[in-house]
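Each chain gets a letter, A, B and so on, in the order its sequence line appears, and its residues count up from 1. Bear in mind that the values here come from a model prediction, so they are computed numbers and not experimental data.
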Amino acid sequence: MKTVLVIGGGVTGLKASSELAEMGYNVALVEKEDYLGGQVAKHKYYKLAPDLRLAGEVIDPVIKAVESNSNIKVYKHSHVVAVSGNAPEFKAKIKNSKGESEESFGAIVVATGFDHFDPTVKQEYGYGRFKDVVTNAEVEEMLNPNGSTKGQLKRPSDGKTPKKIAIFQCVGSRDRQVGNPYCCRVGCVVSTKQAIEIKEKYPDSEVYVYYMDMRMFGRGWEELYGKAMEDYEIIFTRGRGAEVTLKNQQLSLRAEETIMDRPIQHSVDMIILAAGMAAGEGTIDAAKVLGIKQNDYGFLSPKDDFLSPNESSKPGIFIAGADKGPMDIENCIVEGAAVAAKVAGSLKN
Amino acid sequence: MAENTDKMVIDGVELTGIWKEFLPSRILYEDVTTEFLDEVKKLPGGSTIVRCYQCGTCSGGCTLPDFVDKFNPRRFIDLVRRGHYDILVNENKDLVWKCVSCQRCTHRCPKGVNTQEVVRAIAKFLEDKKVFGKLTNDEAFDEVFMEEVIEDGRIDEVKIVKDFYSKTGRLKDMMSADQISLGFKMLTSGRIKLFGGKIKDWKKVSKRLKEEIQ
């Protein structure tokens, strides 16, 4: 029985590994961090849209399925540094602090995922300059009882609970200036979810969302959007955030209220930037090591977007999840299972 | 204009009289057209107008609204694109040219619209349509100045003053006593010369420049 190499221990990689192991294949799962769970674990995601279900309820069973399966060997804190050979005989060098080892594999699954966009380059939003401008990933960690603030939303500058909160949509997505003209596909629903969570926890607070379009295409997303407006009185303003300044020690944002045809200046206590998804560092490394095709934005290109979405440009190397482009957790799990089936099929021939 | 009829029936009740005078229609009965968009697109700097997706980043961060009420690049683009020519002229013709070219909008535009150039192109579009009417002093001086440069390749102070006054129809003012005494003083102190020098073979350059502007 041939062994399958899975690169990346996020949701997709975990699901692919456990599905393959259940089919009887041996799996080597390589993860660069010393924990499993990818971005969900790294940023301690608290609740998932649209059901406001605990992220742990989803990610823990997936991790458990991997850790409890004896067919899966997990390499934490490891990198794949070199790959040689062709399908179905690959040789891969796996490197970690203890040293290097070379093993042979029948197929390779790349599930290296995404990185949160770093908004420092959007200088006008003041991320990095003003302490109270934070990203949505940081808020996720704050809202998590196991996070740095034990579930309390606090201003990083003075530790106080903010009363007026603004959320800027499309930070680092749909933006040619930073080279990411694509939609991040999750920012709208994540911000709506976070706004609801904040209003639930602090009913006195006011949450304003500055958006260009609210793209609620997923399961139950539109209903959540309606709920945010009807039940939680979250104010959605159509106009992209233009700049953030400090006026009398208070954050002040400028945007255009496009429906009123005029710019508005708005003083708030905290600004959350809904940073989008960029190709992960691991994804760019993997593309280099494996020599597979990337698209203009660094994500991996499938052989055929419609007909073979999980095959890379090289035979025997498969791709799945958010390394192909922005994707939500629900679809990442689907991708993980889909790629497992594809790999099993290819090893049978 | 709204197609008002003399009689209107609401819920079976007929309204008579001059109801249309206190119920002006809010409907825009304009024939929406993209012909103005095509025109602006062809002007220098106007080509990126088609990229705009109306997010408002330009107007949100614009320097001007603190000083110039209702200056709104996003709206100018919107009006051109939808062909709302009357609104553009009636409400915005005095605004579009006030852009100070700080380029904040251009640097921030997420769609890569060269907003400052597009606003300039819209101003040029309106200028070509002759909507500004009488020239202001600044504009008249600009025109005289450019004509002189293209014609002679240099500025002749006496000629430019004369042309400027004649363009604004104030030749009489030029002949006023204090203007003449000022001119005399400048002439005797060598500040201005009665006849400016000529540039060799400027005729050729001038011809080429005119061709280029055409």
Side-chain angles (χ1 to χ4, degrees), chain A residues 117 119 121-127 166 168-184 187-188 208-215 236-245 247 252-266 268 271 273-276 296, chain B residues 26 28 47-82 84 86-88 90-92 94-96 98-100 102-119 122:
Chain A
F117 175 79
V121 293
K122 293 292 290 175
Q123 289 185 1
E124 60 265 36
Y125 291 163
Y127 181 74
F168 278 7
Q169 292 301 108
C170 300
V171 177
S173 340
R174 306 179 68 195
D175 190 346
R176 279 195 180 141
Q177 298 288 3
V178 299
N180 295 349
Y182 54 84
C183 168
C184 85
C188 290
Y208 302 87
V209 180
Y210 288 86
Y211 71 97
M212 292 196 284
D213 309 278
M214 293 306 278
R215 298 184 157 171
F236 290 88
T237 308
R238 198 204 167 274
R240 190 187 183 114
E243 65 182 20
V244 179
T245 48
K247 286 222 164 114
S252 177
L253 69 87
R254 275 278 293 268
E256 194 199 348
E257 161 69 283
T258 55
I259 293 158
M260 302 273 284
D261 270 339
R262 55 192 324 149
I264 49 174
Q265 180 119 27
H266 189 177
V268 291
I271 292 174
L273 304 179
D296 295 347
Chain B
R26 294 267 299 154
L28 286 167
S47 61
T48 53
I49 188 172
V50 290
R51 293 188 181 175
C52 177
Y53 61 9
Q54 297 286 311
C55 67
T57 307
C58 46
S59 311
C62 183
T63 338
L64 273 182
D66 287 345
F67 316 101
V68 182
D69 194 27
K70 290 185 177 166
F71 185 88
N72 189 331
R74 181 194 60 76
R75 184 153 161 81
F76 303 153
I77 292 174
D78 193 32
L79 292 173
V80 169
R81 181 182 267 178
R82 290 149 168 260
H84 290 312
D86 290 348
I87 302 177
L88 187 68
N90 295 338
E91 294 172 15
N92 298 295
D94 294 332
L95 296 174
V96 281
K98 290 192 176 169
C99 169
V100 293
C102 70
Q103 304 285 9
R104 270 201 222 176
C105 48
T106 309
H107 287 298
R108 288 172 181 175
C109 176
K111 282 279 272 171
V113 179
N114 194 330
T115 321
Q116 182 265 333
E117 282 189 0
V118 168
V119 170
I122 294 171

In Å, rounded to the nearest 0.5 Å, how long is the span from [atom1] of [X] to [atom2] of [Y]?
X: A/Gln265; Y: B/Asp66; atom1: CD; atom2: CG; result: 7.0 Å
X: A/Arg262; Y: B/Cys62; atom1: CZ; atom2: SG; result: 13.0 Å
X: A/Glu256; Y: B/Ser59; atom1: CD; atom2: OG; result: 3.5 Å

Per-residue contact mode, B/Tyr53 against chain A (heavy atom under 4.5 angstrom): both
Which portion of B/Asp69 sits near chain A, non-hydrogen atoms under 4.5 angstrom: side chain
Sequence neighbours excluded, every pair satisfying salt bridge (charged side-chain N to carboxylate O under 4.0 Å, His left out) that has a member inside residues 106-118 of chain B: A/Glu243-B/Arg108
Partners meeting side-chain hydrogen bond (donor to acceptor under 3.5 Å, both in side chains) with A/Asp261 (sequence neighbours left out): B/Arg74, B/Arg75
[X] to [Y] - nearest heavy-atom pair and separation:
X: A/Gln177; Y: B/Thr106; value: NE2-O, 3.1 Å
X: A/Thr258; Y: B/Gln54; value: CG2-O, 4.1 Å
X: A/Arg174; Y: B/Pro110; value: O-CB, 3.5 Å
X: A/Arg254; Y: B/Gly60; value: NE-O, 2.9 Å
X: B/Thr57; Y: A/Ala242; value: O-CB, 3.6 Å

Pick from A/Gln123, A/Arg176, A/Lys122 with the largest number of heavy-atom pairs that fall under 4.5 Å of chain B: A/Arg176
